Amino acid sequence: MGQTHVLSGAVVWLAAAPVLSREELLGSYAVPLSSGQLIAGAVVAAGAALLPDIDHPSGRIANTLGPVTKTLCRWVSRAAGGHRKATHSLLFAAAMGVLMWSLAEYVRYGWWVALFVLVGFGLRGLGLDFKGHEFWSGLKDCLAAGAAVYLMHDLDMGFAGIAVTLGCLAHLLGDCLTPRGCPLLWPIPWRMETVLVPRTDGRVERLVVVPVLTCAAIVLTSGVLVGDNPFLWFERIPTG
């Protein structure tokens with residue numbers, strides 16, 4: 001579900017961002033964002049939407065940075081109790097948000113490392129690889145992640161925690177629509193499961209979910225680039 005998770009993370013962020021910036025709703029908690037910050041947030045949320053799968057040592061993102069991420073995923077899997085356990089919970093999503101906010105606010109170089117990893121996860125999740133050439137695929141992802149960090153290093157990323165949490169929540173929602181669901185209230189073992197996608201990477205996901213999310217991402221990104229709110233477009237359609 002790599003593509004689904006990446007796209008859903010970006011879509012959830014882009015859909016939530018207009019609400020986050022509205023002072024009439026959130027008062028002093030509103031987060032005014034420039035177009036650059038909105039796009040940066042989408043990149044961060046897209047990568048963060050793969051974070052819950054760091055409990056999967058044989059999953060797709062485990063190969064992002066070779067032995068480094070493979071070892072990381074193996075350790076996290078052991079600590080979390082296996083795949084779709086602790087990291088697939090609301091507690092994990094909130095903890096990742098707080099951690100990334102702390103890094104972005106107080107540990108600049110630590111945030112750059114985290115951003116590099118998040119972008120790498122997002123690229124690996126999209127699956128834009130050179131088939132049969134793992135080394136060149138990894139090198140391409142590293143170069144692209146490095147370029148992203150360079151382009152974003154001067155941005156005020158105080159909102160990073162929100163983007164990361166939303167990305168993680170998008171992942172949890174997606175997994176809750178598949179068999180096995182997620183233990184959202186971990187350590188309580190109850191699992192949320194409403195099966196609308198009967199098989200990961202199956203026909204429903206490839207032919208319905210991914211195209212719908214892709215269209216949503218294009219529409220919302222277009223709204224950001226032209227400085228307009230896509231949710232207001234329908235209000236301007238003449239009704240006769």
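Nothing fancy with the numbering, it's 1 onward along the sequence. Here the structure is a predicted model, which means the values were calculated and not measured.
- A donor-acceptor pair under 3.5 Å is absent between the side-chain atoms of Ser89 and the main chain of Pro183, judged by distance alone.
- At least one side-chain heavy atom of Leu51 sits less than 4.5 Å from a side-chain heavy atom of Leu118.
- The shortest side-chain heavy-atom distance between Trp75 and Pro57 does not fall under the 4.5 Å cut-off.
- No side-chain donor-acceptor contact under 3.5 Å links Glu193 to the backbone of Thr178.
- Summarising the geometry of Gln37 relative to Pro32, their closest heavy-atom pair is OE1-O, 3.8 Å, with the distance given to 0.1 Å.
- Cluster annotation: Tyr150 and Met152 are assigned to distinct hydrophobic clusters (Ile/Leu/Val/Met/Phe/Trp/Tyr, side-chain heavy-atom contacts under 4.5 Å, transitive).
- Of all the heavy atoms in Leu50 and Ala46, the pair that sits closest is CD2-O, 3.8 Å.
- Side-chain contact between Val43 and Val119 is present, with heavy atoms from C-beta onward closer than 4.5 Å.
- The salt bridge (charged side-chain N to carboxylate O under 4.0 Å, His left out) check on Asp175 picks up Arg84, with sequence neighbours excluded.
- Leu172 is not connected to Val195 by any chain of hydrophobic side-chain contacts under 4.5 Å among Ile, Leu, Val, Met, Phe, Trp and Tyr, and they are in different clusters.
- Cys182 is not listed as a side-chain neighbour of Met192, based on a closest heavy-atom distance of 4.5 Å or more.
- Contact check for Val68 versus Leu72: no side-chain heavy atoms found under the 4.5 Å cut-off.
- Counted within 6.0 Å of CZ on Arg108, heavy atoms from surrounding residues, nucleotides or ligands total 12 or fewer; the atom is thus considered open.
- The CZ atom of Arg191 lies 12.0 Å from the CG atom of Leu185; values are rounded to the nearest 0.5 Å.
- For the pair Leu123 and Ala145, the tightest heavy-atom approach, listed with the atom from each and the gap, is CD1-N, 4.1 Å.
- A 4.5 Å side-chain heavy-atom check between Leu169 and Val12 finds every atom pair outside the cut-off.
- For the ring-ring contact (aromatic ring centres under 6.0 Å, His included) with His5, the qualifying choice from His171, His56, His88 is His171, the only one to do so.
- Residue Phe92 comes nearest to Thr87 through the heavy atom pair CD2-O, 3.1 Å, listed as atom of the first residue, atom of the second, then distance.
- Residues passing the ring pair (Phe, Tyr, Trp, His ring centres under 6.0 Å) test with Phe159 are Trp13, sequence neighbours excluded.
- Checked against the 6.0 Å centroid threshold, Tyr106 and Trp101 count as a close aromatic pair.
- Scanning both residues, Leu103 and Ala114, for their nearest heavy atoms gives CD1-CB, 4.0 Å.
- In this structure, the side chain of Ser77 engages the main chain of Asp55 through a donor-acceptor pair within 3.5 Å.
- Considering every non-hydrogen atom in both Ala17 and Leu38, the closest pair reads CB-CD2, 3.2 Å.
- Remark: Gln3 engages no residue in a side chain to side chain donor-acceptor pair (under 3.5 Å) (not counting sequence neighbours).
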